[in-house]
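I have placed the structure first, in the form of structure tokens, so that the comments after it can refer back to it.
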Amino acid sequence: ALKADAGGDLDFYRLCGLKQPPYIVRLFLLDEELRQRVGGLRDISARPEELATLDLPVSRVYIVENLQTGLAFDDCPGSVVFMGLGYGVGTLARLPWVMRARCTYWGDLDTHGLAILSRARLQLPHLESALMDQHTLLHHRDLWVPENPQYGAAELPLLTPAEQSLYSGLKRQRWGVNVRLEQERIAWSYAWDVLVP
């Protein structure tokens, strides 16, 4: 019988003698000039070490939590969007051209989204957040769903004071029980005006 490892996950590849698939990052190039540098490709999925060799002249990097949100992005000069990295956002620090760009993270507005943001700032200290504030949360009250379970930590060290206040409010059930606003529930017209003012 197959057994789970100490972390609780089944190590299928090790047990079957198979090579584990590589970690892949997905991004869209949102600028025609950037696309011409990689043979016209818009949608790229590759290993981080391969993406690091591209040396793209990117001025703006957007990082979003889910694919549906990433698919909604229109072209934007000098910009790319990464999607679906979860707690692996810090991997982007291995890409020199990302480190030179203005980076914006937009995750789900819940305790895990804020935990991802805080952890990502360990490798991307200049990382900004968008649509992860109290105003956005309260403005979309009719779109809330429950977050189960919440992230465990009482505080997150790398949040701004406003972000930490929001995190504390969510943890203390200030606005309701386990409040969560998933990013894809926000109207795209509203989000786009904030992301690309």
- Can you list the residues that meet the salt bridge (Lys or Arg N to Asp or Glu O under 4.0 Å) rule with Glu163, with sequence neighbours excluded? Arg121
- Please collect all side chain to side chain donor-acceptor pair (under 3.5 Å) contacts where either partner lies in residues 71-82, sequence neighbours excluded, each pair once. Arg35-Asp75
- Hey, what do you get for OG1 (Thr136) to CG (Leu143), rounding to the nearest 0.5 Å? 11.5 Å
- Message: Using 0.5 Å steps for rounding, measure from the CZ atom of Arg180 to the CG atom of Leu109.
- Response: 10.5 Å
- Query: Ignoring hydrogens and geometry, is there a side-chain-to-backbone donor-acceptor pair from Ser165 to Pro161 under 3.5 Å?
  - Reply: no
- Note on the structure: In terms of heavy-atom contacts, His140 and Ile186 come closest through NE2-CG2, 3.7 Å
- Share the residues that join Leu122 in a hydrophobic cluster, the rule being Ile, Leu, Val, Met, Phe, Trp or Tyr side chains under 4.5 Å apart at the heavy-atom level. Leu158
- Could you please spell out the steps behind the side-chain contact (heavy atoms from CB on, under 4.5 Å) verdict for Val98 and Phe82? CA-CA 11 Å; Val98 167; Phe82 289 90; 4.0 Å; yes
- Item | 4.5 Å side-chain heavy-atom contact, Val179 and Leu137 | yes
- Message: Suppose we screen for side-chain contact (heavy atoms from CB on, under 4.5 Å). Which residues come up paired with Gln36, at least two apart in sequence or across chains?
- Response: Glu32
- What distance separates Arg42 CZ from Leu29 CG, expressed to the nearest 0.5 Å? 8.5 Å
- Message: Counting C-beta onward and ignoring hydrogens, is there a side-chain heavy-atom pair between Glu184 and Asp108 closer than 4.5 Å?
- Response: yes
- Could you go through the side-chain contact (heavy atoms from CB on, under 4.5 Å) check for Leu117 and Leu156 one step at a time? CA-CA 9 Å; Leu117 173 62; Leu156 298 170; over 6 Å; no
- Task: Measure the spacing between CZ of Arg141 and CH2 of Trp175 and express it to the nearest 0.5 Å.
- Result: 9.5 Å
- Message: One pair to check against side-chain contact (heavy atoms from CB on, under 4.5 Å): Ile116 and Glu65. What are the steps and the verdict?
- Response: CA-CA 10 Å; Ile116 291 169; Glu65 184 49 40; 4.0 Å; yes
- For Arg185, the salt bridge (Lys or Arg N to Asp or Glu O under 4.0 Å) test, sequence neighbours excluded, returns Glu182
- Message: Measuring only between side-chain heavy atoms, which start at C-beta, is Leu67 closer than 4.5 Å to Arg26?
- Response: yes
- Picking from Leu127, Leu27, Thr104, what satisfies side-chain contact (heavy atoms from CB on, under 4.5 Å) with Ile63? Leu127
- Item | Distance-minimising heavy-atom pair for His126 and Cys103 | NE2-SG, 3.6 Å
- Query: Closest heavy-atom contact between His112 and Tyr151?
  - Reply: NE2-N, 3.5 Å
- Note on the structure: Smallest heavy-atom separation, Leu51 atom then Ile44 atom, equals CD2-CG2, 3.9 Å
- Message: Can you confirm whether Val58 sits close enough to Asp31 that some side-chain heavy atom of one is under 4.5 Å from a side-chain heavy atom of the other?
- Response: no
- Nearest heavy-atom neighbours spanning Pro48 and Leu95: O-CD2, 3.1 Å
- Query: Could you state the interatomic distance from CG (Asp193) to CH2 (Trp188), rounded to the nearest 0.5 Å?
  - Reply: 10.5 Å
- Item | Tyr87 to Ala115 - nearest heavy-atom pair and separation | OH-CB, 3.7 Å
- Message: Quick check for you: to the nearest 0.5 Å, what is the distance between Thr69 atom OG1 and Met83 atom CE?
- Response: 9.5 Å
- Pairs satisfying side chain to side chain donor-acceptor pair (under 3.5 Å), at least one member in residues 93-102, at least two apart: Glu49-Arg94, Asp55-Arg100, Arg102-Glu128
- Answer yes if Tyr105 and Val194 sit in the same cluster of Ile, Leu, Val, Met, Phe, Trp and Tyr residues linked by side chain heavy atoms under 4.5 Å apart, and no otherwise. yes
- Query: Using 30° and 60° as the class limits, which term best fits the ring planes of His139 and His135: parallel, tilted or perpendicular?
  - Reply: parallel
- Item | Aromatic plane relationship, Tyr62 with Phe73 - under 30° parallel, 30 to 60° tilted, over 60° perpendicular | tilted
- Query: Can you tell if the side chain of Leu34 reaches within under 4.5 Å of the side chain of Phe28, non-hydrogen atoms only?
  - Reply: no
- Message: With a 4.5 Å cut-off on side-chain heavy-atom distances among I, L, V, M, F, W and Y, is there a chain of contacts connecting Ile24 to Val89?
- Response: no
- Do Arg37 and Leu54 pass the side-chain contact (heavy atoms from CB on, under 4.5 Å) test, and can you show the C-alpha distance, the side-chain angles, and the key distance before you say yes or no? CA-CA 9 Å; Arg37 289 175 170 263; Leu54 294 179; over 6 Å; no
- Item | Side-chain touch Met132/Trp106, heavy atoms, less than 4.5 angstrom | yes
